[in-house]
Amino acid sequence: MDDTYIFPQARVEDEKILIANVINNQLSSDDTSVSSAAAEANHILWDEDSNNDEDINVMDEDESIMDSDRDSEDEDDLSDDEEYLYYESEDEDDGDVLTEETLLKIKDNNPEVTNLIVRRFSTAVPAKDAGIYVGNNTNLKKLTIKGGDNTWEGPQQVERSHQLFSQGVANNRSIELLSIQECSLDSGSSGVSTLPSFIQYNVNLHTLEIVGCDIGHTKARLLAASFLKRKASFLKVTLDANRISDMIGQELVESLLGHTNLECLSMGDNAIGIQTCSALSKLLTSTKTKLAEINLENNHINDEATSILTNALSMNKILKKLNLSFNCDITQQGWQIFSTCMQQGGSIIETLNISSTNISNQGISALGSSLIGNTTLKTLDLYDINNNGTPLISSGWSSFFACIQSPSSSLQQIDLRYSSIDEGGLLVLAEALGKSSKIQMLDVSQNLHITVEIWKSFFSRLASFSLEEVYAQGNNITDEVVAELSHALVGNNTLKTVSIGDLFPIGTAGWEHVRHLLCNKSSLSNLHKSNHTLQSFGCDIPEDVQQLLNMNKAIKKKEVAREKVLKYGDNIIETVVGLELNVVPSMASYIGEDEKGLSVLYQLCKSLLFESKHKMNYSGVKRKRPCKY
């Protein structure tokens, strides 16, 4: 990588000195007076010529001596009453939680342990030993450090334990994914001082996740410096919920410009804005970029920042997933500007999330117009969109849903939960869905203001939809609506999932309609024509209905029909015998197949009918030799 980025010249020396003192825990958060001697003592983190892995030291000699003295003190301080014992977590299926048994496996470099989860330490699992063993391990691929209450932000001995652990881990070169979650990395006594060394020199590390750690100004710059000095590119970097300011966000993004293999960058829940978006613009317009996914949710992005991103996205042909949700500083003007990059020939974004934003009727109309010619967008998240708390009106929705009917549209999934869609907008949506063969998933949950009659009208049109999934929880969906929905789904061969009923639980009458939909026992013909596609329906499903839904999960629908006829059809043989002769073969073909794929009952009935018909109509006539086939 090309180390071309430097901090502003006037601050370089001050930054080095400041960081050096943080590393040595010599500086309080308010103390800005430092000595050059302290910076010199910790030059290892900043020495651009220190590229030899064998020579890397996470502590200088003086610090090692101090640690040796403190180790004995820590052991005395950790009494049985005060030690933080390991406790069971819900993450056991995701990896091996650090225990005494796991520690021995790590020490022995057991290849079975590749994914380690660390929460707490104890006398049975010493932090320093654990760090050393992890540092020397060559089989570990993923390390997750989880903080929370009484861990990184707990008493002093707990913070010290994590510092000792981190110092040992810094020597590891096999870890490919490092995830640090909810740890107070802004604490002066935390072990984040060793993190830059680990990041800089571990070329196998391709994924870094630091989430909810409040890394603060100084530690963020430590990370930026380590990003610059890496000899290998990251694939994924996640820095969510870390109190990253706009200026620091800019430095972090610029430090990633040389990471040409970076595919995913997430900086959600911070305070980034114009400056960071300017840096992102450079990243997006680079001819070497492979960045395919960006998450910027819940930041301080305004119209100006949106304009900067829009210009970059219009030139970018790589990015496929963008999350701008919860950025409420973007006005209708900003959304109209953003819509220009979604026009045909603009960006190639496939997944767009603008949920919980203050998009207006003009903004949603502009977006819909731009998507009419768009051929790439497949997933659109409009969860909880409104105009500063005011619901969008029918005209806005009508203009937007025009894009669904466009022959060139590639939209497959639309999320309209809590979207304040009005009744007119829902009916316009139904009409648009009836003309679209591409929408597969629709979520219209939690739109309580829509009446029962409008829901009945909406679901009555399901037969003309090509949907595979419909989610409508938290709405005015009664047994009357379920009846309309069930009637519309007779013979439907696309819809697999319908999720309703949590606000108004489906009653006895409603479930009877669902049973009739899945297994109409009124006749053999209707039983075969029952719905054999629907596999999921609401919650608290009666056992017999669940059995029918489970039967529908079979891939071959002819087998589903056959199973239902055999299990639920009464007096099948008598029914077949009583049918008109020309109907018998088709009805019989639903029941049973031999190894050649031919219906067993069909063969039987055919032979019987052939003999009967021959005796009645061809008596005394010379028979022709039957064809062999």
Side-chain angles (χ1 to χ4, degrees), residues 265 277 280-281 283-285 289 291-297 299 301-387 392 395-416 419 421 425 428-429 432-433 436 438-443:
L265 175 60
C277 287
L280 284 170
S281 176
L283 191 58
L284 288 168
T285 54
T289 186
L291 193 60
E293 180 178 347
I294 296 179
N295 173 28
L296 300 174
E297 67 176 323
N299 276 289
I301 297 175
N302 57 16
D303 289 353
E304 184 178 351
T306 301
S307 179
I308 294 171
L309 284 176
T310 300
N311 291 334
L313 290 170
S314 297
M315 295 182 280
N316 179 282
K317 304 301 177 185
I318 303 296
L319 193 74
K320 294 184 177 180
K321 189 172 183 179
L322 176 63
N323 186 348
L324 291 174
S325 62
F326 292 90
N327 280 288
C328 297
D329 293 336
I330 307 176
T331 69
Q332 62 173 343
Q333 182 180 0
W335 288 118
Q336 288 175 319
I337 292 172
F338 174 79
S339 297
T340 59
C341 74
M342 300 303 297
Q343 294 175 351
Q344 187 174 14
S347 72
I348 62 166
I349 294 175
E350 296 180 359
T351 300
L352 176 63
N353 187 345
I354 59 172
S355 61
S356 294
T357 56
N358 290 325
I359 193 168
S360 63
N361 291 289
Q362 293 90 338
I364 199 69
S365 296
L367 181 61
S369 298
S370 69
L371 292 177
I372 289 178
N374 184 289
T375 60
T376 60
L377 189 64
K378 297 179 181 179
T379 301
L380 182 59
D381 193 339
L382 301 175
Y383 170 99
D384 190 31
I385 61 169
N386 56 74
N387 184 12
L392 276 63
S395 60
W397 288 115
S398 181
S399 299
F400 172 74
F401 290 134
C403 67
I404 297 177
Q405 304 176 45
S406 172
S408 62
S409 174
S410 297
L411 268 175
Q412 298 176 3
Q413 301 185 47
I414 301 180
D415 188 343
L416 292 169
S419 63
I421 185 172
V428 171
L429 173 60
L433 289 172
S436 170
K438 297 179 182 178
I439 302 296
Q440 299 174 2
M441 191 285 290
L442 174 68
D443 195 335

ask   = So, does D381 use its side chain to make a donor-acceptor pair with the main chain of I354 at under 3.5 Å?
value = no
Approximate separation, where rounding is to 0.5 Å, of I318 CD1 and S347 OG = 12.0 Å
Closest non-hydrogen atom pair between V428 and S398, with its separation = CG1-CA, 3.7 Å
message = For L442 and L433: C-alpha separation, side-chain torsions, deciding distance, then whether side-chain contact (heavy atoms from CB on, under 4.5 Å) applies.
response = CA-CA 10 Å; L442 174 68; L433 289 172; 3.8 Å; yes
query = With a 4.5 Å heavy-atom cut-off, do C403 and L411 have their side chains touching?
reply = yes
ask   = Between the main-chain N or O of G363 and the side-chain N or O of N361, is there a donor-acceptor pair closer than 3.5 Å?
value = no
task = Taking K438 for its side chain and I404 for its backbone only, find out whether a donor-acceptor pair lies under 3.5 Å.
result = no
query = Rounded to the nearest 0.5 Å, how far apart are CG of L392 and CZ of F400?
reply = 10.5 Å
request  = Please confirm whether the backbone N or O of I294 pairs with a side-chain atom of N323, one donor and one acceptor, at under 3.5 Å?
outcome  = no
ask   = Which distance, rounded to the nearest 0.5 Å, do you find between the NZ of K378 and the OG of S409?
value = 11.5 Å
ask   = Without hydrogens or angle criteria, can the side chains of N374 and T376 be said to hold a donor-acceptor pair below 3.5 Å?
value = yes
ask   = So F401 and W397, would you call those rings parallel, tilted or perpendicular, with 30° and 60° as cut-offs?
value = parallel
query = If you measure from CG on L313 to OG on S281, what distance do you get to the nearest 0.5 Å?
reply = 8.5 Å
query = Quick one: do the S355 and D384 side chains pair a donor with an acceptor below 3.5 Å?
reply = no
ask   = Is there a donor-acceptor contact under 3.5 Å linking the side chains of T331 and Q333?
value = no
For the student: nearest non-hydrogen atoms of A366 and Q336, plus distance = CB-CG, 3.9 Å
query = Between L324 and I301, is any pair of side-chain heavy atoms under 4.5 Å apart?
reply = yes
Minimum heavy-atom distance between N327 and L296, given as atom pair plus value = ND2-O, 3.0 Å
request  = Using the side-chain contact (heavy atoms from CB on, under 4.5 Å) rule, take L382 and N353 through it: C-alpha gap first, then chi angles, then the decisive distance, then the call.
outcome  = CA-CA 7 Å; L382 301 175; N353 187 345; over 6 Å; no
task = Measure from the side-chain N and O atoms of N358 to the backbone N and O of C328, and report whether any donor-acceptor pair falls under 3.5 Å.
result = yes
message = Are L309 and L280 packed together at the side-chain level, in the sense that at least one heavy-atom pair is separated by less than 4.5 angstrom?
response = yes
inquiry  = Treating S307 as the side-chain partner and D303 as the backbone partner, does any N or O pair qualify as donor plus acceptor under 3.5 Å?
reply    = no
message = Quick check: closest heavy atoms across L319 and E293, and the distance to 0.1 Å?
response = CD1-N, 3.5 Å
ask   = What's the shortest heavy-atom distance between G373 and S408, and which atoms?
value = CA-OG, 3.7 Å
inquiry  = Determine whether a donor-acceptor pair (N or O, by modelled atom type, separation under 3.5 Å) exists between the side chain of S406 and the backbone of I372.
reply    = yes
message = As a quick check of understanding, evaluate side-chain contact (heavy atoms from CB on, under 4.5 Å) for Y383 and T357, giving each step before the final call.
response = CA-CA 9 Å; Y383 170 99; T357 56; over 6 Å; no
message = Let me confirm one number: the CG-CD distance from L377 to Q413, rounded to the nearest 0.5 Å.
response = 10.5 Å
query = Does some side-chain heavy atom of T289 sit less than 4.5 Å from a side-chain heavy atom of L284?
reply = no
Criterion side-chain contact (heavy atoms from CB on, under 4.5 Å) on L367 and M342, from CA distance to verdict = CA-CA 8 Å; L367 181 61; M342 300 303 297; 4.2 Å; yes
task = Mark yes or no for whether N311, through its side chain, and I308, through its backbone, hold a donor-acceptor pair below 3.5 Å.
result = no
request  = Mind checking the OG1-CD spacing from T375 to E350? Nearest 0.5 Å is all I need.
outcome  = 10.0 Å
